[in-house]
Amino acid sequence: MPRRHILLLPLLLVMLAVSPSHGAEDPDLIFKRSTVFKWLTPNDKLATYGLDDPDIDGVACHFTVPERGGFKGWIGVAEEVSDISLACRQIGPIRIKAKFEQGDDVFRARRSLLFKKMQIVRGCDAKRNVLVYMVYSDRIIEGSPKNSTSSVPIMPWGQSDQPQRCGDFVEK
């Protein structure tokens, strides 16, 4: 292998590691707010995003993540902290499109150059007919206990809506 190819291999690996890993869709940025001022580089921020559950119509989730500024944040190599908040709500008639497993991924994104990712997963509390969403971050080497949970009771939407039972859609 020519020498220049050997030198380009680490660059290719870094580019693959930096590329985002998302579920069915990218979340919508709602707003950002600066938290730490930096003189010559971008500020540290809190960013709030919204996304629709790709497999369940009528449910939207909003999450807030810290985004590091500074030089490392600017070039995209800073490891982000694991403090992520989550709120999910019914925004219309809930229609479950297909069966799902407890803990199925709704969304995932990288939070560091190589090893850390954030995940939003979904489950069903069949006894109470409630969809349960959890956000957490993990690492290949060591996980993070920081997490947030939100629940969405499946309620009728309008006069003629008959709510589905989430327990009917959980794979066993």
Side-chain angles (χ1 to χ4, degrees), residues 12-32 45-68 76 79-172:
L12 178 64
L13 291 174
V14 167
M15 287 172 50
L16 289 173
V18 172
S19 66
S21 155
H22 297 286
E25 65 179 57
D26 288 341
D28 302 316
L29 175 65
I30 307 301
F31 65 91
K32 289 186 181 187
K45 295 178 176 73
L46 289 174
T48 298
Y49 294 90
L51 65 94
D52 298 316
D53 187 319
D55 299 323
I56 300 179
D57 290 337
V59 175
C61 294
H62 293 87
F63 61 94
T64 299
V65 293
E67 294 181 348
R68 291 204 191 259
E79 181 171 322
E80 302 291 353
V81 295
S82 300
D83 300 323
I84 306 162
S85 65
L86 174 71
C88 299
R89 300 290 183 267
Q90 181 174 356
I91 59 167
I94 292 179
R95 296 289 174 252
I96 302 170
K97 298 176 186 175
K99 290 196 176 270
F100 61 89
E101 292 183 18
Q102 298 282 31
D104 264 358
D105 281 352
V106 174
F107 175 76
R108 60 185 358 186
R110 293 198 178 281
R111 298 292 290 155
S112 75
L113 185 60
L114 294 175
F115 301 113
K116 193 177 199 178
K117 64 184 175 296
M118 174 197 83
Q119 299 179 80
I120 298 175
V121 296
R122 171 195 343 98
C124 165
D125 177 348
K127 178 180 177 182
R128 294 166 187 84
N129 200 30
V130 172
L131 295 166
V132 180
Y133 293 82
M134 178 179 62
V135 64
Y136 68 99
S137 65
D138 65 359
R139 293 175 134 179
I140 292 175
I141 307 299
E142 63 181 71
S144 170
K146 296 182 179 180
N147 61 76
S148 182
T149 303
S150 185
S151 59
V152 179
I154 301 175
M155 305 294 288
W157 194 269
Q159 294 285 331
S160 62
D161 186 41
Q162 286 296 323
Q164 293 176 314
R165 304 280 314 161
C166 68
D168 296 341
F169 289 89
V170 175
E171 291 182 356
K172 299 185 172 77

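As a basis for the values below, the full set of heavy atoms in this structure was taken, side chains included, without hydrogen atoms, waters or symmetry mates.
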Just do the side chain to side chain contact (heavy atoms under 4.5 Å, CB included) check on Ile84 and Ile120 with the steps written out, would you? CA-CA 10 Å; Ile84 306 162; Ile120 298 175; over 6 Å; no
Can you check side chain to side chain contact (heavy atoms under 4.5 Å, CB included) on Phe107 and Arg122, steps first, answer last? CA-CA 10 Å; Phe107 175 76; Arg122 171 195 343 98; over 6 Å; no
Which heavy atom in Ser150 sits nearest to a heavy atom in Arg89, and how many Å separate them? OG-NH1, 3.6 Å
Heavy atoms of Ile56 and Ile94 approach each other most closely as CG2-CG2, 3.6 Å
Return the minimal non-hydrogen interatomic distance between Gln162 and Arg95, and the atom names on each side. O-NH1, 3.9 Å
Please name the pair of heavy atoms, one in Gly167 and one in Cys124, separated by the smallest distance, quoted to 0.1 Å. N-SG, 3.4 Å
Just do the side chain to side chain contact (heavy atoms under 4.5 Å, CB included) check on Ile154 and Cys166 with the steps written out, would you? CA-CA 8 Å; Ile154 301 175; Cys166 68; 3.6 Å; yes
Heavy-atom closest pair, residues Ala47 and Lys32: CB-CG, 3.7 Å
Asn129 side-chain N/O to Gln164 backbone N/O, donor-acceptor pair under 3.5 Å: yes
Start with the C-alpha distance between Lys97 and Phe169, add both sets of side-chain angles, then the distance that settles side chain to side chain contact (heavy atoms under 4.5 Å, CB included), and finish with yes or no. CA-CA 9 Å; Lys97 298 176 186 175; Phe169 289 89; over 6 Å; no
Mind checking the CH2-CD1 spacing from Trp157 to Ile91? Nearest 0.5 Å is all I need. 7.5 Å
Less than 4.0 angstrom from a charged side-chain N to a carboxylate O is my criterion; do Lys99 and Asp104 meet it? no
Among Leu29, Val65, Asp28, Thr64, which one satisfies side chain to side chain contact (heavy atoms under 4.5 Å, CB included) with Thr48? Thr64
Taking side chain as C-beta onward, heavy atoms only, is Leu51 less than 4.5 Å from Val106? yes
Smallest separation among heavy atoms of Ser148 and Leu86, with atom names: OG-N, 3.3 Å
